[in-house]
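Have a look at the structure below before the remarks.
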Amino acid sequence: MSDHDVHPLEAQRRANREAVRALGLSPYGSRSDGLISLADAKARHSAEADEEHARRGKEPGFIDPRARVAVAGRIVLLRDTGKLIWINLRDHTGDMQVALSQRDVPPEAFQLGKASDLGDLVVVEGRVMKTRTGEVTVWGEGVRPAGKALVPPPAKHEGLVDVEIRYRQRYVDLWANPETLKVFESRSRIVSHLRRLLDARGYLEVETPMLQRLAGGAAARPFRTHMNAMDIPLFLRIAPELYLKRLLVGGLPRVYEINRNFRNEGLDKQHNPEFTMLEAYHAHGDVETVMELTEHLVRESARLVAGERGLATDDAALRLPFGEVSIDYGSPFRRLPYPELFESALGFAMTDTRRVLDEAARRGVRHAGVDPVVVVNDLFEGFAEKSLDPSRPAFITDYPAALSPLTRPKANDPRLADRADLFIAHMELAPHYTELNDPDVQEAKFREQLRGGDADKNAEEETFRTFDADFIRALKVGMPPAGGMGLGIDRLVMLLTDQRTIRDVMLFPMMRPEGQQPAS
RNA sequence: GAGGGCGUAGCUCAGUUGGCAGAGCAGCGGCCUUUUAAGCCGUAGGUCCAGGGUUCGAGUCCCUGCGCCCUCACCA
């Protein structure tokens, strides 16, 4: 890169990098063994050792009793008082001050301090001590470069505020805003914990195809791609469901998959085109079996997060904040039958078609020429779901069968479906089903779906109304009765970490391309 | 998809009725060995998102486009 198109601030940093090289040091560093975290270094401080050093430090032959540490971090603050340089380093455990005194470090190390910029990475060796003002500090005995920041960092006080840059340049957000790193550390531990909980209950984690010939298992527009070797079109999966059920056919008793799904649809605070879903299937179970599983998983994840934050973890007081709401994860999740919730929220029975239509008209809900069951559901989603207490996780049970065409009807009342949806803080978190295992019924449902394609839907939308003949063949081999559920991991992490948008719990959320894209 | 808001120095932000483009921090030069967003003196830094228009004159008003955010709609 020639000088004329380099920003002056970058040019200055390049000059500072040359100054480091002139000292005989490599600005980009090399392997360092024996490094400890800044939090661990702070914990090594000993008041007794400080005191002894202060008392006998000038005696000949005195051996410094203070802990000697080697730490690495990014320079977030730099105060050069002439012959003494104060540096605040940051790593994943927090910030810690180090001091470089001209008297106590080699000349080239001191010059490195002078030539360092905010954002540079360094390794510092020294003794853990406490300053006059009481701050635990590494009193440097040596320092060496570990990486150069040619780009100026965000404002040292405000951090990185611009949400667009936070998402596009997450590598800056993660170090400049420590809260961001905490969210993603929590996410990672939540997912690990979910795996442990499922493993402990005998669920086997499996991986099924993401590239699928038919994108089934849900109703959503898929992404298309193409495989060169076989010269065939492929879809990115919208759900793993049909493959996980094939595994039940194969005799696996309990399976789960935590992985990405892709849906070629809109983006908003709760939707990203790729998102992470846990799907779990329990042979010889039913909707109740997996509801109990989900409640266990959500409650224990909440307990994990509460513990990390030093909050109460016993059921009686297990609560986590989400915005203005304090969500109760310790009490048994509520179970609200759809018809009852409808009636208590709207004031009349969903079977009272005349009042349903009147009320839809009064509340401005579309109803003309629409199937009454659709109007019922619009009223339900618009008013009954919103009437739920956001602080109490709730399963909505007993969905009308007419609204759940792919779900098995309840044995004791075929007008209702064996389906339950978990809602927390008005977010739809997880559907649960008693799965279909009769191949003839499944085949009929597939055909019904194919016929259901509205005339005005375009050809692309038709492609996801698939008939999966191999899946029918699998069911003909014989699948045990089963309960299945799908838990949106991103939404769960949003709830547990108190983040209002899905983008704040995804490291690299989908963004529109910026600027001129290079031709590719 | 509709409506609204925002886009100014590396970062965080001001910019009045249309009248010379601003501050803090960061940067650069100087001083300073216990600082805490260090301090003091000095100094440099702009495609006001892009393009067009109105006007003697546009960061400011109008139009178009781009990006981000919010609300609504769509979404098993």
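Order of the sequence lines fixes the chain letters, A, B, ..., with proteins taken first and strands second; residue numbering starts at 1 for each chain. Predicted model only: the values in this text are computed from it and were never measured.
Among the nucleotides B/C74, B/U34, B/A76, the one closest to the side chain of A/Tyr433 is B/A76. Closest contact between the side chain of A/His271 and the listed nucleotides B/C75, B/G67, B/A76 involves B/C75. Checking B/U35, B/C68, B/C28 against every side-chain atom of A/Trp86, the shortest atom distance belongs to B/U35. Listed nucleotides B/A26, B/U35, B/U12 differ in distance to A/Gln97; the shortest reach to its side chain belongs to B/U35. Residue A/Arg103 places its side chain closer to B/U33 than to any other of B/C75, B/U33, B/U34. Distances from the side chain of A/Asp162 to the nucleotides B/C68, B/U12, B/C28 place B/U12 closest. Comparing B/A38, B/G10, B/G67 by their closest approach to the side chain of A/Leu9 singles out B/G10. The listed nucleotides are B/U33, B/C75, B/A37; the one nearest the side chain of A/Gln102 is B/U33. Between B/A76, B/C68, B/C74, one nucleotide has an atom nearer to the side chain of A/Asp268 than all others, and that is B/C74.
For A/Ala22, the side-chain contact (heavy atoms from CB on, under 4.5 Å) test picks out no residue, with sequence neighbours left out.
Using the six-membered ring where Trp is involved, A/Phe395 and A/Phe333 have ring planes that are tilted, between 30° and 60° apart.
Taking every heavy atom of both residues into account, A/Met277 and A/Gly488 meet most closely at SD-N, 3.9 Å. In plain terms, the two heavy atoms of A/His45 and A/Met129 that are nearest each other are CD2-C, 3.8 Å.
Defined by atom type and a distance below 3.5 Å, a donor-acceptor pair is missing between the side-chain atoms of A/Arg419 and A/Thr434.
Here A/Tyr338 and A/Phe380 bring their ring centres to under 6.0 angstrom of each other.
For a distance-only test at 3.5 Å, the side chain of A/His157 fails to qualify as a donor-acceptor partner of the base of B/C25.
Of all the residues in residues 72-83 of chain A, A/Leu77, A/Arg79, A/Asp80, A/Thr81, A/Gly82, A/Lys83 reach under 4.0 Å from RNA chain B with at least one non-hydrogen atom.
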